[in-house]
Amino acid sequence: MIVKTSLASLLCLQGALAATDYLSNAKAAVTTLQKWYNPSTGLWDTTGWWNSANCLTVLADLTALDASQLSANAAVFANTLTRAQGSTAARAVKREAHARAHASRSNPHRLARRAYPGFINDYYDDEAWWALAWIQVYDLTQETRYLTTAASIFADMTTGWNATCGGQWWDKPHTQNGAIENELFLSVAAHLGRRIPAQAGYYKEWAAQSWSWFARSGLINDQHTINNGLDLGSCRNDGGTVWTYNQGVILGALVEMAQLFGDGSYVSTAQQIASAAMSALGNADGVLTEPCEPNCTGDAPQFKGVFMRNLAVLYKAAPSDQIRSFLLKNADSIWEKDRGDGDALGGTWSGPFASADASTQSSACDALVAAAAVSQ
């Protein structure tokens, strides 16, 4: 018997197979990531404190795509909530990438090996990474303790508002005023505003104030990309490095703003930034490249995944062939050119593979999970 198959059916099957492949790759890579997870500390060995928050977010994002993993990963979420904030095992990572863009700081701070109860420490951006991670876990589990943790973190973050140039300080010693901490502050406020209706007005006020400052701060340059910070003397864009994560966090923040305020102009702004960033930071083959490659150290190996994660959030809000193609192309390059034994993933996605740790692995996992999300 001859079975006739329509072109539409073939295309549908092809799309389904592609989605399965990307998801399978993402699951394999996250399985490797979890080999660095230390149940006794609730953190991921070989990387730093804020990086572990991003590892947790990767795990939550994958679980959102594959609900069959929720039972097993829920135990990781709960263990991390309990143990990480009491652990003194966080590796002291140089803040080199952030410091290089700020001439005012010649000696990068190191994170001390001490516990951070409530996920509170001396860096407002670190706090925000954990807040966003717990919000994502809350979205999956609907367990109030995770959302309460995020809200408590944000309350501490508000104490860093009103820096010398306005907006949010980067750290509690008040040494820098830059992009990432302000993007994260905006994102956490907008996320909480949509998830805590009883206090929506409070969070909306913070989110609106934060975006109003950011939009006029000068951090978004004439090319529609975002530089690293402000010069505290002039309060002008310092012309610092255009890091990938500074182009990423703002995308997710603006999508949340659009949903919180019912205003599509926020998404339009995000699309403009995303398009500029893909053009500016993609190599000749369209593979995302950090300005410091191939010699990225300190925090920088974590950055690219943050961009890819938020690019997928923007795609969900406003599907785009440009974004989908970019995400899939990068996932393909990682898997084909930057993968070592045991599905270990390095930091240079165009290859060749050199080495991997929990930072490079989780960053690459972000890209694979994002590709799986847009291919479904």
Side-chain angles (χ1 to χ4, degrees), residues 16-87 89-91 119 129-150 153 191 195 302 305-306 308-309 312-313 316 331 334-335 339-345 356-376:
L17 288 173
T20 300
D21 288 342
Y22 286 112
L23 183 57
S24 295
N25 291 350
K27 289 167 68 174
V30 171
T31 297
T32 299
L33 173 65
Q34 289 308 98
K35 294 178 181 178
W36 282 291
Y37 183 67
N38 188 333
S40 67
T41 65
L43 300 170
W44 280 256
D45 292 338
T46 74
T47 195
W49 171 248
W50 77 276
N51 311 79
S52 283
N54 279 270
C55 293
L56 185 71
T57 303
V58 167
L59 193 64
D61 285 344
L62 177 63
T63 307
L65 295 181
D66 183 3
S68 69
Q69 300 198 37
L70 180 57
S71 179
N73 291 341
V76 177
F77 303 148
N79 185 69
T80 298
L81 180 69
T82 300
R83 292 187 176 272
Q85 61 181 307
S87 173
R91 184 166 67 88
F119 299 91
W129 293 117
W130 282 105
L132 289 176
W134 293 126
I135 289 168
Q136 180 65 347
V137 171
Y138 166 77
D139 285 349
L140 283 172
T141 65
Q142 292 299 295
E143 293 186 35
T144 306
R145 57 179 171 165
Y146 298 120
L147 188 61
T148 299
T149 299
I153 293 170
H191 274 82
R195 290 159 178 82
Q302 195 73 52
V306 173
M308 304 303 265
R309 178 197 311 158
V313 171
K316 184 177 180 180
I334 290 168
W335 202 249
R339 179 165 57 112
D341 294 340
D343 297 325
L345 305 174
D357 59 19
S359 184
T360 65
Q361 188 77 20
S362 58
S363 183
C365 283
D366 265 320
L368 298 182
V369 172
V374 304
S375 66
Q376 289 186 339

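Quick note: numbers below take in every heavy atom, side chains included, and nothing from hydrogens, waters or symmetry partners. All residue numbers in this chain count up from 1 along the given sequence.
Shown here for Ser363 and Gly305, the closest heavy-atom pair between the two residues is OG-N, 2.8 Å. Between Asn51 and Ser359, the closest heavy-atom pair is ND2-OG, 3.7 Å. When all heavy atoms of Ile153 and Ala131 are compared, the pair lying nearest together is CD1-N, 3.8 Å. For Ala89 against Thr41, the heavy-atom pair with the smallest separation is CB-CG2, 3.7 Å. Annotation for Ala60 and Leu140: closest pair O-CD1, 3.2 Å, computed over non-hydrogen atoms. Minimum interatomic distance between Ala367 and Ala331 (heavy atoms only, all atoms of both residues): O-CB, 4.3 Å.
Residues in residues 25-40 take part in these salt bridge (Lys or Arg N to Asp or Glu O under 4.0 Å) pairs, two or more places apart or across chains: Lys27-Asp66. Applying the salt bridge (Lys or Arg N to Asp or Glu O under 4.0 Å) test to pairs two or more places apart or on separate chains, those with a residue in residues 366-376 are Arg309-Asp366.
Considering CG of Leu33 and SG of Cys365, their distance stands at 5.0 Å, rounded to 0.5 Å. Interatomic distance, CD1 of Ile135 versus OH of Tyr146, reported as 14.0 Å (0.5 Å rounding). Once rounded to the nearest 0.5 Å, the distance linking CG of Leu65 with CD of Gln376 reads 5.0 Å. Remark: Asn54 CG to Ser362 OG distance equals 6.5 Å, nearest 0.5 Å. Atoms CG and CG, from Asn73 and Leu62 in turn, are 7.0 Å apart once rounded to the nearest 0.5 Å. Atom CG of residue Leu345 and atom CG of residue Leu368 lie 6.0 Å apart, to the nearest 0.5 angstrom.
Side chain of Asp357 to main chain of Thr360: a donor-acceptor pair is present (N/O by atom type, distance under 3.5 Å, no hydrogens or angles). In this structure a side-chain-to-backbone donor-acceptor pair under 3.5 Å is missing from Ser87 to Arg83.
For Arg145, the salt bridge (charged side-chain N to carboxylate O under 4.0 Å, His left out) partners at least two apart in sequence or on another chain are Glu143. In terms of the side-chain hydrogen bond (donor to acceptor under 3.5 Å, both in side chains) criterion, Ser71 has no residue partners (sequence neighbours excluded). Partners of Asp45 according to the salt bridge (charged side-chain N to carboxylate O under 4.0 Å, His left out) rule, which considers only residues two or more places apart in sequence or in another chain, do not exist here. In this structure Tyr37 satisfies the side-chain hydrogen bond (donor to acceptor under 3.5 Å, both in side chains) test together with Asn79, Thr80, sequence neighbours excluded. With sequence neighbours left out, the side-chain hydrogen bond (donor to acceptor under 3.5 Å, both in side chains) criterion links Ser52 to no other residue. Not counting sequence neighbours, Tyr138 has no partner by the ring-ring contact (aromatic ring centres under 6.0 Å, His included) test. Judged as a side-chain hydrogen bond (donor to acceptor under 3.5 Å, both in side chains), and not counting sequence neighbours, the contacts of Gln136 are Asp61. Applying the side-chain contact (heavy atoms from CB on, under 4.5 Å) criterion to Thr32, with sequence neighbours excluded, gives Trp36, Asp343, Gln361. Residues passing the ring-ring contact (aromatic ring centres under 6.0 Å, His included) test with Phe77, sequence neighbours excluded: none. For Arg195, the salt bridge (charged side-chain N to carboxylate O under 4.0 Å, His left out) partners two or more places apart in sequence, or in a different chain, are Asp139, Glu256.
Gln69 and Thr63 are not linked by any side-chain donor-acceptor pair at a separation below 3.5 angstrom, with hydrogens and angles left out of the test.
Within the 4.5 Å cutoff, the side chain of Trp134 has no heavy atoms near those of the Thr148 side chain. By the 4.5 Å heavy-atom criterion applied to side chains, Leu81 and Phe119 are counted as neighbours.
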Check your understanding: Can Tyr22 and Trp335 be said to form a side-chain contact (heavy atoms from CB on, under 4.5 Å), step by step?
Key -> CA-CA 10 Å; Tyr22 286 112; Trp335 202 249; over 6 Å; no
Exercise for review: Quick one: do Val76 and Gln34 satisfy side-chain contact (heavy atoms from CB on, under 4.5 Å)? Show the steps, please.
Suggested key: CA-CA 10 Å; Val76 177; Gln34 289 308 98; 4.2 Å; yes
